[in-house]
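Below is one structure, written out as structure tokens, with a few remarks after it.
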Number of protein chains: 2
Amino acid sequence: MKVNDWEKGCPLLLTQRIILGKWKLSIIWFLGKNGTMRFTELKKAFDDSTLTQKMLTQHLKELESDHFVIRTAYNEMPPRVEYSLTEEGLNFLPILQQMEKWGEYYIELHGDGYDTIPL
Amino acid sequence: MKVNDWEKGCPLLLTQRIILGKWKLSIIWFLGKNGTMRFTELKKAFDDSTLTQKMLTQHLKELESDHFVIRTAYNEMPPRVEYSLTEEGLNFLPILQQMEKWGEYYIELHGDGYDTIPL
DNA sequence: CTGCATCCGGAACGATACTG
DNA sequence: CAGTATCGTTCCGGATGCAG
């Protein structure tokens, strides 16, 4: 009882908890876009951002235990590990799209919040 | 250039940034449900959760500067301050509903992740 | 190639007391 | 009533090095 009991079983808070993490949405977005991706492939997708291997591994683990992504390891040399979305993950994609649309709508009104370099 | 430049202007990451915060979604949810709410009213809505005045104030401030809620202060004694969603905030509600629906769907499959007390 | 172990700084969050 | 101020804690995330 007591602590945070009111949030127990709340679907919204559950969803919030699952996508908690700086790179979660981006990972989901990439997997949704490309289907199956290897670890390094995913890492490269983030290009020059500051995502470290540690965080990528950690977030992928969490997403896996949350039934959001599937991890498939092949016993090869060198090792190969592929990630893809589960059914639950795929069903989440429409939300991502709506968030994107809302973001675009918001940017039209207020900009993206980053400094724009005026000429 | 360089750092996080790839995320610049990304609508999805913008959206993620705005709803960042442990209580943001819940605040938005309450305001969406009840329309206009006073500070204390909002505080009480969280009942016995651990939300402190500090965090509520802080999150409301951020939501306000993000054009997500409107703050209206009345020069009365005792003071009265009311919060409500902006147009942008209202347009975000469908996303909240989708997240709820997805959460319900997820709970049917996997439970809510909290301990259930077996009889 | 795909991770794991360790250390560390800073941001987010929380508890409490005080104010106009 | 609606905050502000201060302090303390937790925990997320970054850097680096190592391993199967």
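Every heavy atom of this structure was used, including side-chain atoms; hydrogens, water molecules and symmetry mates were not. Lettering follows sequence order; numbering is per chain, from 1. All of these numbers come straight from a predicted model, not from anything done at the bench.
When the side-chain hydrogen bond (donor to acceptor under 3.5 Å, both in side chains) test is applied to B:Asn91, the partners found at least two apart in sequence or on another chain are A:Tyr105. With sequence neighbours left out, B:Lys43 forms a side-chain contact (heavy atoms from CB on, under 4.5 Å) with B:Gln53, B:Leu56. Applying the side-chain contact (heavy atoms from CB on, under 4.5 Å) test to B:Glu62 and every residue at least two apart in sequence or in another chain returns B:Lys24, B:Gln58, B:His59.
Residues from residues 36-43 of chain B lying near DNA chain D, meaning a heavy-atom separation below 4.0 Å, are B:Arg38, B:Phe39, B:Thr40 in numerical order. Applying a 4.0 Å cut-off to non-hydrogen atoms, the residues of residues 56-69 of chain B that approach DNA chain D are B:Thr57, B:Lys61, listed by residue number.
A:Arg17 has its CZ atom 15 Å from the P atom of D:dC11, to the nearest Å. Counting to the nearest Å, the P atom of D:dG3 and the CE atom of B:Met55 are 15 Å from each other. A straight line from CG of B:Asn75 to C1' of D:dC1 spans 13 Å, rounded to a whole angstrom. In this entry the distance linking CZ of B:Phe46 with P of C:dG14 reads 11 Å, nearest Å. Regarding A:Lys44, its NZ atom lies at a distance of 16 Å from the C1' atom of C:dG3, rounded to whole Å. Atom CG in B:Leu51 sits roughly 15 Å away from atom P in C:dT16 (whole-Å rounding). One interatomic measurement links the two molecules: CD of A:Glu82 to C1' of C:dG3, which rounds to 16 Å at whole-angstrom precision. Note: NZ (B:Lys24) to C1' (C:dA11) measures 13 Å, nearest angstrom.
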Expected list for residues 27-38 of chain B: side-chain donor-acceptor pairs under 3.5 angstrom, two or more places apart:
{"from": "B:Trp29", "atom 1": "NE1", "to": "B:Glu100", "atom 2": "OE2", "distance (Å)": "3.0"}

Identify every side-chain donor-acceptor pair in residues 82-89 of chain A under 3.5 Å, counting partners at least two apart or on other chains, and give the distances.
{"from": "A:Glu82", "atom 1": "OE1", "to": "A:Tyr74", "atom 2": "OH", "distance (Å)": "3.3"}
{"from": "A:Glu82", "atom 1": "OE2", "to": "A:Arg80", "atom 2": "NH1", "distance (Å)": "2.9"}
{"from": "A:Tyr83", "atom 1": "OH", "to": "A:Arg71", "atom 2": "NE", "distance (Å)": "3.4"}
{"from": "A:Thr86", "atom 1": "OG1", "to": "A:His67", "atom 2": "O", "distance (Å)": "2.8"}
{"from": "A:Thr86", "atom 1": "OG1", "to": "A:Phe68", "atom 2": "O", "distance (Å)": "3.2"}
{"from": "A:Thr86", "atom 1": "OG1", "to": "A:Glu88", "atom 2": "N", "distance (Å)": "3.3"}
{"from": "A:Thr86", "atom 1": "OG1", "to": "A:Glu88", "atom 2": "OE1", "distance (Å)": "3.3"}
{"from": "A:Thr86", "atom 1": "OG1", "to": "A:Gly89", "atom 2": "N", "distance (Å)": "3.1"}
{"from": "A:Glu88", "atom 1": "OE2", "to": "B:His110", "atom 2": "NE2", "distance (Å)": "2.6"}

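Counting heavy atoms from C-beta on, the side chains of B:Thr50 and B:Met55 never come closer than 4.5 Å. The shortest side-chain heavy-atom distance between B:Glu64 and B:Leu60 does not fall under the 4.5 Å cut-off. Proximity of B:Ile19 to B:Phe92: side-chain heavy atoms (C-beta onward) are separated by under 4.5 Å at one or more points. At a threshold of 4.5 Å between non-hydrogen side-chain atoms, the residues B:Phe39 and B:Pro79 do not count as touching. In this structure, A:Leu13 and A:Arg17 have side chains that are not in contact, with every pair of non-hydrogen atoms separated by 4.5 Å or more.
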Generate the contact string for nucleotides 15-20 of chain D. Rules: B means base contact, S means sugar-phosphate contact only, - means no protein heavy atom under 4.0 Å. B----B

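Summarising the geometry, atom CG belonging to B:Leu42 is positioned 10.0 Å from atom OG1 belonging to B:Thr57; distances are rounded to the nearest 0.5 Å.
For the pair A:Tyr83 and C:dG3, the criterion of a side-chain N or O lying under 4.0 Å from OP1 or OP2 is met. A close approach under 4.0 Å does occur between a side-chain nitrogen or oxygen of A:Arg71 and OP1 or OP2 of C:dG3.
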